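Because only heavy atoms are used, hydrogens play no part in the values below, and waters and symmetry mates are left out as well, while side chains stay in. Chain identifiers are assigned alphabetically (A, B, ...) following the order of the sequence lines, protein sequences preceding nucleic acid strands; residue numbering begins at 1 within each chain. Just so you know, these numbers come straight off a predicted model, no measurement behind them.
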2 protein chains.
Amino acid sequence: MKERYKLPCNIAQTLNIVGDRWTLLILHDILIGHQTFNELKKNLEGISANLLSDRLKHLEKAGLVETEVYTKHPPRYQYKLTESGRDLEPVFDALLLWGRDHLDHCYKKMVHSDCQHEVELSYYCPSCKKTVDKSEIDTVSAVTSDLYTR
Amino acid sequence: MKERYKLPCNIAQTLNIVGDRWTLLILHDILIGHQTFNELKKNLEGISANLLSDRLKHLEKAGLVETEVYTKHPPRYQYKLTESGRDLEPVFDALLLWGRDHLDHCYKKMVHSDCQHEVELSYYCPSCKKTVDKSEIDTVSAVTSDLYTR
DNA sequence: CAACTAAGTTGATTTTTTTAACTTAGTATA
DNA sequence: TATACTAAGTTAAAAAAATCAACTTAGTTG
């Protein structure tokens with residue numbers, strides 16, 4: 001993929017990697033256990049084979065997906081997420097929870113297994129070892145530590 | 001927008017609303033305070049006027065954005081996020097934090113204002129009033145409460 | 001040996017996005 | 001008062017991306 005968005009912004013640059021049509025859904029489908037080409041194709045109803053092929057190649061190059069031989073004869077591969085691919089989980093969960101709250105029809109929710117109550121996303125400071133409110137968080141430039149808004 | 005993805009999945013259906021090229025970046029730019037058409041156009045380097053116009057119309061229809069007159073003469077509008085638009089914040093933050101961890105060049109980070117340490121996303125059970133680990137969370141069908149994997 | 005399956009590839013068509021020029025209404029400037 | 005300028009778009013053409021449908025290749029099964 002060419003660098004589509006040129007903005008100096010984590011979100012834009014992340015979307016340059018995972019923001020194309022179908023890409024996040026492919027990654028999510030691998031995450032939940034669909035690992036062969038045809039399994040993915042079957043599960044992602046509506047995707048075309050060439051697009052799936054292109055996306056998998058791109059994601060492998062970008063280091064989010066890796067292939068692994070699972071039978072030698074005939075040679076068969078399975079697609080797996082790398083660590084950086086698995087690290088998209090909060091993105092999937094944030095989208096899932098937005099959908100839970102705002103879609104006309106909600107398909108999935110996330111509940112705490114102990115009590116079966118729905119969970120939320122929150123922010124955690126590993127140094128203070130506590131949950132912090134969004135209002136206590138600064139989004140700062142990674143370079144100068146100046147306060148930034150993007 | 002037509003219903004592009006037909007999958008019975010919160011993530012796919014959410015991406016039907018916000019997954020088109022430029023859409024999340026537009027929403028984020030409104031969130032951080034750019035509210036007029038030309039401000040958005042200037043800040044989203046590379047976007048074309050007609051696409052920005054189309055996206056804003058779509059987002060208004062979908063209820064994530066609303067317009068407000070801010071001068072009568074000449075009539076001038078500003079774009080604002082509705083509550084459902086603002087609720088995308090965890091999505092933006094999850095993308096930002098993925099970028100912090102995995103982009104070659106990181107532009108922004110999020111720190112706890114008290115201690116200046118970088119924060120993480122976590123899951124919170126409002127019923128148990130505590131942070132819960134992802135391993136303690138079930139993603140279940142919203143309808144039948146059966147365990148589901150999508 | 002014929003049919004089948006997995007994992008794609010190829011080429012044509014359709015849809016989206018980009019590029020660039022134009023519009024419209026009001027404001028400010030010479 | 002004509003002229004240029006700005007905000008907020010629209011329009012049309014060209015380019016790029018996605019979809020659709022058919023084909024390929026290598027190995028397997030009946």
Worksheet item: Should B:Thr131 and B:Ser122 be marked as a side chain to side chain donor-acceptor pair (under 3.5 Å) after you check the CA-CA gap, both sets of side-chain angles, and the distance that decides it?
Response: CA-CA 7 Å; B:Thr131 302; B:Ser122 67; 4.5 Å; no

Gap between atoms [atom1] and [atom2], on [X] and [N] respectively (whole Å):
X       : N      : atom1 : atom2 : result
B:Gln78 : D:dA8  : CD    : C1'   : 14 Å
A:His34 : C:dA6  : NE2   : C1'   : 16 Å
B:Asp54 : D:dG9  : CG    : C1'   : 11 Å
A:Lys57 : D:dA18 : NZ    : P     : 14 Å
A:Ile47 : D:dA17 : CD1   : C1'   : 13 Å
A:His58 : D:dA17 : NE2   : P     : 12 Å
B:Asp20 : D:dA18 : CG    : C1'   : 12 Å
A:Arg55 : D:dT19 : CZ    : C1'   : 12 Å

Worksheet item: How about B:Gln13 and B:Asn10: does a side-chain donor come under 3.5 Å of a side-chain acceptor?
Response: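 Judged by distance alone, the side chains do not pair up.
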
Item to complete: Name all residues meeting the side chain to side chain donor-acceptor pair (under 3.5 Å) criterion together with B:Tyr123; count only those two or more places apart in sequence or in a different chain, and write none if there are none.
Response: A:Asp93

Practice prompt. Go through the structure and list residues passing side chain to side chain donor-acceptor pair (under 3.5 Å) with B:Asp114, not counting sequence neighbours.
Written response: none

Let's see if you can work this out: which of [options] has an atom nearest to the side-chain heavy atoms of [X]?
X       : options               : answer
B:Tyr79 : D:dT10, D:dG9, D:dA18 : D:dG9
B:Leu51 : D:dG9, C:dA7, C:dT18  : C:dT18
A:Trp22 : D:dG9, D:dA18, D:dT19 : D:dT19

Worksheet entry | 5'-most by nearest nucleotide on DNA chain C - A:Glu39 or A:Arg21 |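 The 5'-side residue here is A:Glu39.
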
Looking at [X], does any N or O in its side chain come under 4.0 Å of the phosphate oxygens OP1/OP2 on [N]?
X       : N      : answer
B:Tyr70 : D:dA7  : no
B:Ser53 : D:dT10 : yes
A:Thr36 : C:dA6  : no
A:Arg4  : D:dA16 : no

Fill in: Residues which pass salt bridge (charged side-chain N to carboxylate O under 4.0 Å, His left out) with A:Glu89, listed by chain and number, not counting sequence neighbours
B:Lys134

Item to complete: Under the salt bridge (charged side-chain N to carboxylate O under 4.0 Å, His left out) rule, collect the residues that match up with A:Glu68, sequence neighbours excluded.
Response: A:Lys80

Discussion item. Within the 4.0 Å limit for protein heavy atoms, which parts of nucleotides 20-30 of chain D are touched? Write it as a string from 5' to 3', B for base, S for sugar-phosphate only, - for none.
Written reply: B------SS--

Worksheet item: Looking for any heavy atom pair under 4.0 Å, which part of the strands does A:Lys42 touch: base, sugar-phosphate only, or nothing?
Response: nothing

Worksheet item: For B:His112, what residues pass the ring pair (Phe, Tyr, Trp, His ring centres under 6.0 Å) criterion, not counting sequence neighbours?
Response: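 So B:His112 forms no ring pair (Phe, Tyr, Trp, His ring centres under 6.0 Å) with any residue.
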
